[in-house]
Peer 1: 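Before we start, here is the structure in question, set down as structure tokens.
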Amino acid sequence: MNSTLICPSCGMQYPEDEVAWRCRCGSYLDLAFTPRFDPACLEGPECFLRYKSVLPLSFPEKAFTFGERFTPLHSMVFYGVPVWAKMDFLLTTGSFKDRGAFMMVNKCRELGITRIVEDSSGNSACAMAAYSALAGIEAHIFMPRGNSSAKTVQVRTYGATLHKIPGNRADCARAAEEAAKNCYYAAHTWNPYFLHGTKTVIYEIMEQFLWQAPGVIIVPVGSGSQLLGIWLGLQEMKKAGVISRYPRLVAVQSEHCAPLKNHREGQLTPQLPKDPILAEGIAIRQPPRMRQILEAINETGGETVTVTDRQIVDALKASARQGVYIEPTSAAAVAAVEHYKGRLHKEDRVVVTLTGHGLKATPRIEQILDNS
Ligand SMILES: *Cc1c(COP(=O)(O)O)cnc(C)c1O
Ligand SMILES: [Zn+2]
């Protein structure tokens, strides 16, 4: 199966084997690939490849996997609101980024790419490193120097080469882009294949709900790779007639880095503070796919919610008191549930995606406990 990369801004097209990661006009690229989904044709175990009919892979039967299974959709209560928690932190490397890395690394194998470059604040680097180790790909990971050490250790242990870049996230992205001149830039912030991997989460949720769409889906948003994967999957399911309306997509950001809110208010997003911010996984000042994120929110009747560190800490504890240990970035989405207290119809099912494992951030969580 060959697909074409297409620029949603200027319409320019690139054959997939040209491995372009950005259009010459500067825009992100999408994949010209519109699968026809039919739930009646699903077969096999409850794993990523169950949805192979909608994945842009030529040889899905040859794909490298860890035998990942559906993550649980677990019933929890926050602020008196019953929610369904999608436990994606239970994937192999401890975050939902495994879904995107699975797709991107397997696509690289199909295209004969043997070296990749990724820049990340943590979890996507872990996922890319693990899947690269599985598939025999050489991974070069660019990270800001000051970032979370547990994730850095995880990346190194998988055998990836770590390049620690002084400066901020943007400096890091620039260094990675430079290095990508001689290898494939597999940036989850830009790459459309990544989104075709992250979309498996919404197929799972829908199948777990017997194809009845929930009312609201609350997602922490940095570069938007999870939100946009969900949006992609929902559009495919609508086209296939599986759903007739979209769940409202709610994008959650931290008060310290809220480009969606700033955009709505016509402001630029300020520089990030020097100290590592609590919700580090969503601290992306200029998401390349900003326009697409806004489209997903608008078209589904969703909204953006901005949460404070205080709310994140409370949410993290509320989750742990129910036995579910998540990292602060992930707790940001839980914190946003408070916003829906008393504002929902009884039949409006709420899904919150739990994106990252608490074990990734134990030193930070210890600080939180010590300070409260
Ligand atoms: C990466 C990440 C996010 C944000 O995902 P984006 O694709 O950047 O929007 C949220 N939570 C965790 C734990 C993450 O690692
Ligand atoms: Zn273009």
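Every value quoted in this text rests on a predicted model; they were computed, and no experiment measured them. We're numbering straight along the sequence, starting at 1. Just follow the structure's listing: the first ligand is 1, and inside any ligand the first atom is 1. Atoms considered below: every heavy atom in the structure, side chains included; atoms not considered: hydrogens, waters and symmetry mates.
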Peer 1: Taking only heavy atoms of G281, which atoms of ligand 1 are found under 4.0 Å from at least one of them?
Peer 2: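 This gives 1 (C), 2 (C), 3 (C), 4 (C) as the contact atoms.
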Peer 1: Which of the numbered atoms in ligand 1 are below 4.0 angstrom from a heavy atom of G356?
Peer 2: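 Every atom of ligand 1 under 4.0 Å from some heavy atom of G356: 13 (C).
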Peer 1: What heavy-atom pair brings V155 and C126 nearest, and what distance separates the two atoms?
Peer 2: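 Closest pair (atom of V155, atom of C126, distance): CG2-N, 3.7 Å.
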Peer 1: Considering only heavy atoms, does T355 approach ligand 1 within less than 4.0 Å through its side chain, its backbone, both, or neither?
Peer 2: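 The answer is both.
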Peer 1: With no hydrogens and no angle check, just 3.5 Å: does a side-chain donor-acceptor pair link Y185 and N191?
Peer 2: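 No, no side-chain donor-acceptor pair sits under 3.5 Å.
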Peer 1: Using distance alone, with no hydrogens and no angle criterion, decide if R285 and T269 have a side-chain donor and acceptor under 3.5 Å apart.
Peer 2: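 Checked: R285/T269 side chains show no N/O donor-acceptor pair below 3.5 Å.
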Peer 1: Can you see whether T355 engages Q226 through a side-chain donor-acceptor pair at a distance of less than 3.5 angstrom?
Peer 2: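 There is no such pair (donor and acceptor under 3.5 Å, judged by atom type) between the side chains of T355 and Q226.
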Peer 1: Mark up the atoms of ligand 1 that fall under 4.0 Å of a heavy atom belonging to Q226, in ascending order.
Peer 2: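 With Q226 as reference, the close atoms of ligand 1 come out as 7 (O).
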Peer 1: Looking only at distance, does I282 have an N or O less than 3.5 Å from an N or O of ligand 1?
Peer 2: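 Such a contact does not occur with ligand 1.
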Peer 1: Considering only heavy atoms, which of A333, P287, G224, A283 lies nearest to atom 9 (O) of ligand 1?
Peer 2: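 Selected option, by shortest heavy-atom distance: G224.
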Peer 1: Does some side-chain heavy atom of F48 sit less than 4.5 Å from a side-chain heavy atom of E204?
Peer 2: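 Contact flag for E204/F48 side chains = yes.
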Peer 1: Could you see which bit of S95 sits under 4.0 Å from ligand 1, with heavy atoms only: side chain, backbone, both or neither?
Peer 2: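 Contact part for S95 vs ligand 1: neither.
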Peer 1: Working to 10°, measure the angle at the Zn ion (ligand 2) formed by atom SG of C7 and atom SG of C10.
Peer 2: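 My answer is 110°, to the nearest 10°.
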Peer 1: Mark up the atoms of ligand 1 that fall under 4.0 Å of a heavy atom belonging to E327, in ascending order.
Peer 2: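 Heavy-atom distances to E327 below 4.0 Å select 13 (C).
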Peer 1: Considering only heavy atoms of S225, which atoms of ligand 1 have at least one such atom less than 4.0 Å away?
Peer 2: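 Atoms satisfying the 4.0 Å criterion: 6 (P), 7 (O), 9 (O).
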Peer 1: Just jot down the ligand 1 atoms closer than 4.0 angstrom to any heavy atom of N123, in number order.
Peer 2: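 Selected atoms, number and element: 13 (C), 14 (C), 15 (O).
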Peer 1: So is there a nitrogen or oxygen of T329 less than 3.5 Å from a nitrogen or oxygen in ligand 1?
Peer 2: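 Among all N and O atoms of T329, none is under 3.5 Å from an N or O of ligand 1.
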Peer 1: Looking at K341 and E338, is there a salt bridge between them, counting it only when a charged N and a carboxylate O are closer than 4.0 Å?
Peer 2: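 No salt bridge links E338 with K341.
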Peer 1: Which of these passes side-chain hydrogen bond (donor to acceptor under 3.5 Å, both in side chains) with N123: E280, E327, H357?
Peer 2: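 That would be E327; it is the only one of E280, E327, H357 passing the side-chain hydrogen bond (donor to acceptor under 3.5 Å, both in side chains) with N123.
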Peer 1: About how large, to 10 degrees, is the angle SG of C23, then the Zn ion (ligand 2), then SG of C25?
Peer 2: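 Angle SG(C23)-the Zn ion (ligand 2)-SG(C25): 110°, rounded to 10°.
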Peer 1: Return yes when F89 approaches ligand 1 closer than 4.0 angstrom through a heavy atom, no otherwise.
Peer 2: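 Per 4.0 Å heavy-atom rule, F89 does not contact ligand 1.
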Peer 1: Does a side chain donor of either E177 or W21 reach within less than 3.5 Å of an acceptor in the other side chain?
Peer 2: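 No, no side-chain donor-acceptor pair sits under 3.5 Å.
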Peer 1: For the pair D314 and K317, find out whether any cationic side-chain nitrogen is under 4.0 Å from an anionic carboxylate oxygen.
Peer 2: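 Salt bridge absent between D314 and K317.
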Peer 1: Of all the atoms in ligand 1, which lie at a distance below 4.0 Å from a heavy atom belonging to K97?
Peer 2: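 Those qualifying, in numeric order: 1 (C), 2 (C), 3 (C), 5 (O), 14 (C), 15 (O).
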Peer 1: Taking distance alone, with no angle check, do H188 and ligand 1 share an N/O pair under 3.5 Å?
Peer 2: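 Checking ligand 1 against H188, no N or O pair falls under 3.5 Å apart.
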Peer 1: How does S330 reach ligand 1, if at all, at less than 4.0 Å between non-hydrogen atoms: by side chain, backbone, both, or neither?
Peer 2: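 The answer is neither.
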Peer 1: Find all atoms of ligand 1 within a distance of less than 4.0 Å from any non-hydrogen atom belonging to V221, and give their numbers and elements.
Peer 2: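 By the 4.0 Å cutoff, the relevant atoms are 9 (O).
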Peer 1: Does a donor on one side chain and an acceptor on the other come within less than 3.5 Å for E207 and Y203?
Peer 2: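 No, because no side-chain N or O of E207 sits under 3.5 Å from a partner of the opposite role on Y203.
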Peer 1: Could you measure the distance from the OG1 atom of T304 to the CG atom of N262? Nearest 0.5 Å is fine.
Peer 2: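 That separation rounds to 10.5 Å.
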